[in-house]
Every structure is written in C-alpha cells, then in structure tokens.
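Order of the sequence lines fixes the chain letters, A, B, ..., with proteins taken first and strands second; residue numbering starts at 1 for each chain.
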Amino acid sequence: MEIPKAYKPDERESGIYEIWEKSGYFDPEKLPPGHKEPFSILMPPPNANDPLHIGHAMFITIQDILIRYNRMRGKKTLWLPGADHAGFETQVVFERKLEEKGESRLDMKRDEFYDRVWNYTQENRKVVKSQIKKLGASCDWSKDTFTLDDKVIKTAYKTFKKMADEGLIYRGKRLINYCTNHQTAFSDLEVEYVETKTPLYYIKYGPFILATTRPETKFGDTAIAVHPEDRRYEKYVGKEIKIETLLGERMIKVIADEAVDRDFGTGAVKVTPAHSEADFEIWQRHKDEMPEPIEAIDKEGKMTSAAGPYEGMSAKKARNKVAADMKEKGLLQRVDEDYIHNLSVCYKCKKEIEPLLMEQWFIDIKPLAEPAADAVKNGDIKIIPDNYRKIYLHWLDNIKDWNISRQNWWGIPIPAWRCVDCSTEDNPHWIITEGDEPKKCDNCQSDNLKKDTDVFDTWFSSGQWPFATLISEKEPELKKYYPTSVMETGYDILFFWVIRMVMLSLYRTKEIPFKNVYLHGLVRDENKEKMSKSKGNVINPIEVSEEYGTDALRMSLTIGNMPGKDAVISENEIKGYRNYVNKIWNMFRFLMMRCNDYDPENNPSLTKEDENLLKEFTEKAKEITDHIDRFEFSHAAETLYHYSWHRFADEIIEESKEVLDDQNKKSGRQKVLITIFAGILKLAHPFIPFITEEIYQKLPLKDKKETIMIEEWPIN
RNA sequence: GGGCGGUUAGCUCAAUUGGCAGAGCAUCUCGCUUACAUCGAGAGGGUUGCAGGUUCGAGUCCUGCACCGCCCACCA
C-alpha cells in the first residue's frame, strides 16, 4: 500500500461526511443500544439570508466537539439543526437586494413580497446546510427545523394566547422606539447610543429659559417641569404661565418632578410626552395636572398639523427652521454648539430613533423575569464563564416591558383581530386566537373584524425554540431531550435570545430549557478587529476549509478560544494547524511502514517501558477528558496537540525506532504504538473528525467499528 | 453615571487551592538523517501595566492609580 507523503483533506472530506451520514448515527435513535442517557444541543439556527461566516464555523466546531465527545462516551446524542427566518434582518437584506435591481417592496403586494422572501430563504437554507456539512457537523438532519415551520408558529401563537388570557399581554399606547427609515418599532435592545455633538438650544418660555436639543418638539410640549425643591422656580409650580410660541401665545402648566436635574441647563425642562421617554414618564406621574400628549411628529418623521406652518417638514429640517425662526423672534436666548450627548440610533441603519407614541403589543415581563433569575441563582442553569451570571441577573433586575410588535412584512403575523364595531378610539376590543381567524366578535358578535398587520419580534418566537422544537404531540419521543444539556451561543445574544428562552420556557413548560449556557465570543482578525465585509478582513470559513482542510480550521477555532472572550484567528494560524493534521498523517504513515507485519489479534508480551508508555497515555487521556468536562476545549486541544506531536511523535516514535529493530521487543512495541495512536485518534476525533476517521478506517485494529464516531472514548 | 473584562516573551494566549513564570506562532543557528522540510535538533527572548500592602513566599490575595476593550443606563 502506497501512502502519500502529504494528506490532502479536500480529496477526502466530503466522502467521509457521506460515510457518517449513511451510518445514520447522527440520529440518536439509530445509535447502538448501549447509548442511553440523552445529551442534547440545539444549534442556534443560522440566519437563512446569507452564507455562513467564521463565527458560525466557531460555534459549529464547539458544539460538534461536545456532541462527538458525548457520543463516544455512550450518550444518546441529539444535535438539532435549524435555520432562522430572521424577520427584520432578512427583510433588510432582501430589500437591499431589491434595491440593487431597482425594485422596491412598496411596489408590490405584501403577499408577493412574502413569497419572494420565502423562496430566497429556502435557497439560502440549502447553501447554509451544505456549508454546515462541510464543517463536519454531526447534527441530525432529519430534524432540521425552520423557524417558520408550522410547529414553531403554532407554539408562538399558543404562548401569545396563553399570555393574553393570563393578562400578561397588553396593548398600549406607549412611547416606543421607532425607526422612520425602516418604518418599524423596536424593543429597547435594538436601540444603540452614539455620542454625538448636538447644539443645545436655550429657548425662552415666558419667564423660563429651557435647554433643549430638539426645539422642533416644542409643539408637543404640555408642561414645564422643575425640581420640587428648586427655590428658583418654587413660585411657579402648579401655576399656568403664558408662553410665546411660534404659533402665538398659549398657557402651559408648571409642574414639579423629582426626575428633573437642577444642575442641568437652567434646571427647568420642557415636557414633551409624545417624543421623549423621560417626558412620557413625567406625564404618567402627573396625568391629573397635564393635558393629553400632543404628537408633533409622525411615523414618517415629519411634522404633524400640531406644528402649524411646519407641517410636513422633516423633523430634522424643522429643527433648524424652528431654531432660526425663534432666533428671529427673540425667543432663543443662546445656543451651546459643543454639547455632547448620547443620540439613540437604529442598530441597523444608525439613523436617529424617533420616540413615538404608538399602540403596540407588550409583554408584562416582570412575572417572567423572576423565575428566570431564580433558575440561575439556585444553580439549575449554569453559565460559562460564570462572570456572565452577574450580567444576566442585572439585566433581569432592570428589565422593562417587552414590545413585541414589528411593522414588518417578513415575520409571523400577530394573531389578533380588532372588532370594528365595538371598538372605540380609547377602548379598542381585540380578539386573540391561537392562529385561527375568528368568525365573530366574542363581545358584540359582529363579523366586521380587522386583523392586526404587525408581526412578532423574531426573538419572541425564537425565544421559544427549545420547547417549539422538542415538545410536541406529534413527536413525543423528543421530549426526553428537553431540557437540553448545553446552550452554546454568543455572549452578544445573551439578552436577545438566551434570557428570553429561559423566561418563555419556564413560563410554558415549568422547566428550564437547558442546564448549561456556554457563551463564546466574537471572532476577530489578527489586529483584534471585528471582521466585516466592508473592512475586507473576513475569513471565509468555506474557502479556508477548502484550502487547508476543515480539521485545521476547527483546530484554530478551538485552541486559544476561551469562553466569553473574543477569539483571534488568522490564516497563518490555520496553516499551522494544517501542518499538525499532516503531522498526524505522517505518524500513521510511519506506523504503517514499520508495522506491516503487525497482527491485531496477537497478544505479545510487553516490556516495562511499554507498560509505562500506556500508563502515560492514560494519564494524558484523563487530563484531556477533564478539560472537556469542564468546557475547557482550548486546554483539551492544546494538551492533545502537545502530547501527540512533541511527546508521541518527537520522542516515543523516535525512541521506538531502535526497539522496532529488536526482534524480541518488536511486536510488543508495535502493539503499544498502534494502541496509543488509536487512542490519540479517538481523543482527537471531536476536534479533527475528518483525518481521524480517515486513518481509523485504515488502521489495523481489533473490533473495529464502522466509524470512529461510535468508538468508545479511551478512558472512563 | 453603574458594571464587567483585560494589561504576562515580538504576536496570540496559558499558569488548579498563593509554591522554580509556560506553550504555539514568529525570529536566529544547524540539518533535505530511510514517517513527515506542511519536518527535525538547538538557541535567544520576561523587573508579569504602575504604586503600595498582606505573606517565609504574590502573575495569583488586598488598596489605590493608569491605559485598552466591552456591556448597561441615560439628563432635556
């Protein structure tokens, strides 16, 4: 048998993956009978709107290590793959594509748009699936789930209905974060803050001078607020004062509220409840003293009729115009041009978020937050690394109600109908179902019902992923994999996804969704910068996997990668691990050349030295196993790397060359070398599955299994 | 404003309960020796960010500071 000097991963990998798939062992139910205790992971479903990036390759590597390791330890392992329709994200991606073709969503019917995005995601799913396979993921494709599959949507509807019935869902006119560019509301998590230099205008309101960054909102002012203990303004509190606006004179109430900072500006603030979160809160505390909020800006970001002559003007334009006009009328005392404050912007387009008063569906989140905090406090859910415990608990401690309405087209429609006949402006009547269209109003029997046009925040449904995928009447056998063993995902979606899964799962199933949360970091380039297409520093996992082999890529994503910390990766590093994989190949090559007369059925006598070598291997195997059990994959892989190369190859093989020439000791040493090497392959298999399978198939072993995937782990 | 993480060899990172500061990559020298040059043998390279403190002993524990990064909140 001629063995080539260099291992060529690209020629072997796809064939090896086929062997695994054909074996059926990705499906836990098809594993040999010895596999009993369940071990499960849900793959965070990659967005079905783009090919995979290096971050996906990282989590696939980590999860596959866990799955392959536990499978070899005799667990009944389920790794459930999926794909995310990624509502708003995908809509943005798709609209950009439309734009490139000179098309627009607004030129088509909603259904048509939906169908086109649907097809687009289905095409992408195929690409993503083939890429996941390329990376060696041993996941159960028979259970591949899309976040718009019936069972997921039904689960989301059931939860929504249950929450509505239990009073945890309310529809309220509240101040929400609105992106006038994307024409949708967001939860607080989708808002980012950017430090910006903005002029601070000091405007005259009767006897008051008020500092504001947004003079155009003055048409929505319904009060002036001062601190209750501010002597300067004491005499005005509770009184109405006459102010000169650009629309003529009017009266406005002065109120006292603790939230006002005496030291900022002049210590007096204009209150605009329809366009500022803080002001909205002031209004809620002083409803009896203040008129209803006045909306001065609309959903397009344009001035309303409340702004008189400024109506129709964009808010930004109006800001300058209003300031200029006030200056002319002597209503502007001065302008501080160097004022720096945090501007809230849309996380996607970075354009200013417009706080608007809108009716939306909210979840009363506190009742869900407490059990979620308890689950971590009492140790039912363990977070790795554990410093994220605090972050997790702190977030839940300060949680605000969750706005789950989105004004997008791509997403799960909210199953709510408004009765046209028995609703009033102030008191609308809504009918919420588990998805079925109601025939009649449950209140007035009218059939004049109008469906809500909004869709759910994608995280509302993905927050139900664990039980949506594993708990259903149709597939009761999957229940045993719930709660899952590990939720492996990025720290950047701890709030978005992980915590919401905990809250919603506890709510619906009364059980935790997973026992461990392992948080990985971001992948950065060699200059520690975030990888992005625009910077041109991205490493395409598929390209490097084709060039250097998936095993090398996986190794470089494992070593030096600590939980909760960003990982640095470079092509150079991958090249280094390509060399390591090739080194293993050559260990195999050496063994084959020097053991051509080796018979695995023989039991030659071993020398003391032989015994010691075996003992040493067992110790190393123990060390590596302990590391994996503690989720220290980097250490595990590093220990393996070091032992296999610098101990086994550099020393043990070198020293064995002489021993193999000694006819008395030869067969014993052959046995030892092959035994240890087979052990190394098994230990290495979770990390570098392809080469280990390739060699395993060719190695002369007793009781060889169909694939190394179901080999027994070298130690117990 | 609140919180978290980091600062160790040129680079990326390790260092269990405090116990001789280690790897990989890079660099330099030598070697194409019959597994492998995608390799081997060897070498250089550190006042562990700064200042104190506890201790027989501190990279590790305590206090303060500096710088870098991140998260959360947000005052007009």
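Residue M593(A) is in sugar-phosphate contact alone, with no base atom involved, counting any heavy-atom pair closer than 4.0 Å across all strands shown. K530(A) comes within 4.0 angstrom of no nucleic acid atom, judged by non-hydrogen atoms across all strands. Counting non-hydrogen atoms under 4.0 angstrom, Y193(A) reaches a base of the nucleic acid. Contact annotation for N398(A): no contact, since no heavy-atom pair falls under 4.0 Å across all strands. Nucleic acid contact for K5(A): sugar-phosphate only, since backbone atoms but no base atoms lie under 4.0 Å from a heavy atom of the residue.
A41(B) is paired with U29(B) under the Watson-Crick or G-U wobble criterion, all donor-acceptor distances under 3.5 Å. Figure legend. G46(B) is base-paired to no nucleotide; pairs are counted as Watson-Crick or G-U wobble with both atom distances under 3.5 Å. Across all strands shown, U7(B) forms a Watson-Crick or G-U wobble pair with A66(B), both key distances being under 3.5 Å. Figure legend. U17(B) is base-paired to no nucleotide; pairs are counted as Watson-Crick or G-U wobble with both atom distances under 3.5 Å. Within the shown strands, A23(B) is the pairing partner of U12(B) under the Watson-Crick or G-U definition, both distances less than 3.5 Å. Pairing for G59(B) is absent, judged as Watson-Crick or G-U wobble with the two contacts each under 3.5 Å.
Separation of atoms CD1 (I584(A)) and CZ (R589(A)) is listed at 15.5 Å; rounding is to 0.5 Å.
No side-chain donor-acceptor contact under 3.5 Å links T245(A) and Y205(A).
In this structure, CD of E277(A) is placed 11 Å from P of A73(B), rounded to the nearest angstrom.
Under the 30°/60° scheme for interplanar angles, the aromatic rings of F677(A) and F648(A) are found to lie parallel.
For residues 337-346 of chain A, proximity to RNA chain B is found at Y339(A), H341(A), N342(A), defined as any non-hydrogen atom under 4.0 angstrom from a strand atom.
For E654(A), counting side-chain heavy atoms from C-beta on, the closest listed nucleotide (A35(B), C25(B), A41(B)) is A35(B).
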5' to 3', nucleotides 4-21 of chain B under a 4.0 Å protein heavy-atom cut-off (B base, S sugar-phosphate only, - none) gives SS------SSSS------
